Amino acid sequence: IKKLYKTFPDAEVYLVGGAVRDSLLARETKDYDFLIRNVSTNKLEKFLKPLGKVNLVGRKFGVLKFVPTTHKASEAFEPFDIALPREEYSVDNTGHYRDFEIKTDPALGIDVDLARRDFTINAMAWEVKTQTLHDPYDGYTDLQNNMIRAVGNAQRRFEEDYSRMVRALRFACALNFDIELRTAKALKKNAVHLNDLLTATKEISVNHAEEEIRVVPHEVIAKELLGAFKHDPVRAFDLYDNYGIIGILIPELLAMKKCPQPKNWHAEGDVWKHTRLSLQILQSATFKKEFGETADIELIIATLFHDIGKPYTLKTPKEHGVDRIRFDGHDRVGAQMTYQICERLRLSSASRYQVNIENIRWLVNYHLLLLNSVIDDMNNTTIEKYFFKNPELGKKLMMICYADAKGCKRLDGGSTTVAYTAMKKRLALFQKTAGVKKTLPPPILNGDEIMKMLKIAPSAKVGEILTLLREEQLSGRVRTKAQAQKFIRNRRV
């Protein structure tokens, strides 16, 4: 910046956007955006090139991505965004985030540039040279009052870009802020537009074809939704419901409301209330104490969906003649629904969160493992399969079982974590007897060695012997190759 001032004495440099907001809130930030007045894009690009790596995002936007040569790989900062002041005009008021006419102008006033921004807390600029805060929309007051407020007319701001609605919810969850009344009314009114489609024409060879594109791409929604639930799962759950967005984006979840559960095990109420309680457990001090860490986004989303299959497998004594309220197979059905929803919402596209939707599906599919098993009778090979083949996923399975159990309230006031506690003890014993340190010990013999030893051809028999031998090894009864060979000979039919 000092070099820039020396080269362009009339230049004005402003820190803008989230970095200003986060600095005023004393929050850590790794994303710095700058706005520079009185220097053209071409001159700015030419000036920056000797100082680092420069990428012109687009002349239409007048934004440069800049990484200085002094940048160290160990520093977790995003590339700096350096832009010229600009005005934006929504062309057709479709709410599509790219439906803008952009006009950049180095001489444009800073307040004019700030007028195009979404929320007042993001519409502040810090002038570097004079150490002056430019705050034409009173964003600092809204920061002090913990308030999300649209810049100017909220209806117009959302009509310009409907993705701002899910962004508002992310900010509300990340900062624990309220949404100002007029902004909230406009958000609720326009939420239905999150699924709007536009018809676009694309050229294929010499033919023209029409395709429907989303006004708000699923990739944009995925980033904002995951951000909201990552910061505050319960608040995100409530806000997405209160503004009708769950019904718009994930209507399958609404069937959990008023879906009955056996009162002796679920005195908390319907499936919706149980799910909310389970999400609340993920944020609790007891959860962090139990596992030594907070829930990651895959676990949060899996917990959100863990009982989504219940309403679709519900059977009651009155309607179906069963002995009690049942949800047979809801884990399997829920896992399939979860995968389809995560695919539809493109959750894996949000690179910042690195979501593996197969992991989420797996957690939903097996969240009843402890309840459907007699813990003391569970084979060691079963424990190995679910908890140690992928230790990180195995730990998340214990976490979702814990959140599910703690999210239940028994009518008699008894413990809901009996199965979880039993498995916790069994895992500790398993690790001790199997000699587990960071990873499980490798199998003592492989299939080829067994076939050679027994002089048999490849068959299902070999797999059966391997499983039996592995069970003995993990129980601690077989530790050496000689013991393994003796076991196999004694077991041979």
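As the structure is a computational prediction, the values presented were derived from the model and not from experiment.
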* Is it true that the side chains of Arg21 and Asn122 contain a donor and an acceptor less than 3.5 Å apart? -> yes
* **Side-chain donor-acceptor contact under 3.5 Å, Thr381 with Glu384** => no
* Asked: Is a salt bridge present between Lys257 and Asp241, judged by a nitrogen-to-oxygen distance below 4.0 Å?
  -> yes
* To do: Decide if the gap between the ring center of Phe34 and the ring center of Tyr14 is smaller than 6.0 angstrom.
  => no
* Asked: Under 3.5 Å, is there a donor-acceptor pair between the side chain of Lys188 and the main chain of Asn242?
  -> yes
* Heavy-atom side-chain proximity of Lys65 to Phe80 below 4.5 angstrom -> no
* Using 4.0 Å as the upper bound for N to carboxylate O, is an ion pair formed by Glu298 and Lys230? -> no
* Asked: Just checking, is any N or O donor in the side chain of His274 or Asp404 under 3.5 Å from an acceptor N or O on the other one?
  -> yes
* Answer yes when Glu293 and Lys395 have at least one side-chain N-carboxylate O distance shorter than 4.0 Å, and no when they do not. => yes
* Taking atom types as modelled and ignoring hydrogens, do the side chains of Asp307 and His367 form a donor-acceptor contact shorter than 3.5 angstrom? -> yes
* **Ionic contact status for Asp196 with Arg214, cut-off 4.0 Å** => no
* Asked: Is the gap between the ring centers of Phe388 and Phe430 under 6.0 Å?
  -> yes
* Structure fact -> The side chain to side chain contact (heavy atoms under 4.5 Å, CB included) partner of Val16 among His134, Arg117, Met124 is Arg117
* May I have the step-by-step check of ring-ring contact (aromatic ring centres under 6.0 Å, His included) for Phe291 and Tyr402, ending in yes or no? => CA-CA 10 Å; Phe291 296 102; Tyr402 179 85; 5.5 Å; yes
* Between the side chains of Gln283 and Asp232, is a donor N or O closer than 3.5 angstrom to an acceptor N or O? -> yes
* Determine the sole option in Phe305, Trp272, Phe229, Tyr243 for which the ring pair (Phe, Tyr, Trp, His ring centres under 6.0 Å) test with Phe237 is passed. => Trp272
* Asked: Between Asp412 and Gly414, what is the shortest heavy-atom contact and its length?
  -> OD1-N, 2.9 Å
* Structure fact -> Between Lys310 and Val271 the two heavy atoms that sit nearest each other are CD-CG2, 3.8 Å
* To do: Check whether any side-chain heavy atom of Arg276 sits under 4.5 Å from a side-chain heavy atom of Gln280, and report yes or no.
  => yes
* Side-chain H-bond candidate by donor/acceptor type, Glu159 with Asn190, under 3.5 Å -> no
* Any ion pair linking Glu224 and Arg167 (charged N to carboxylate O, less than 4.0 Å)? -> yes
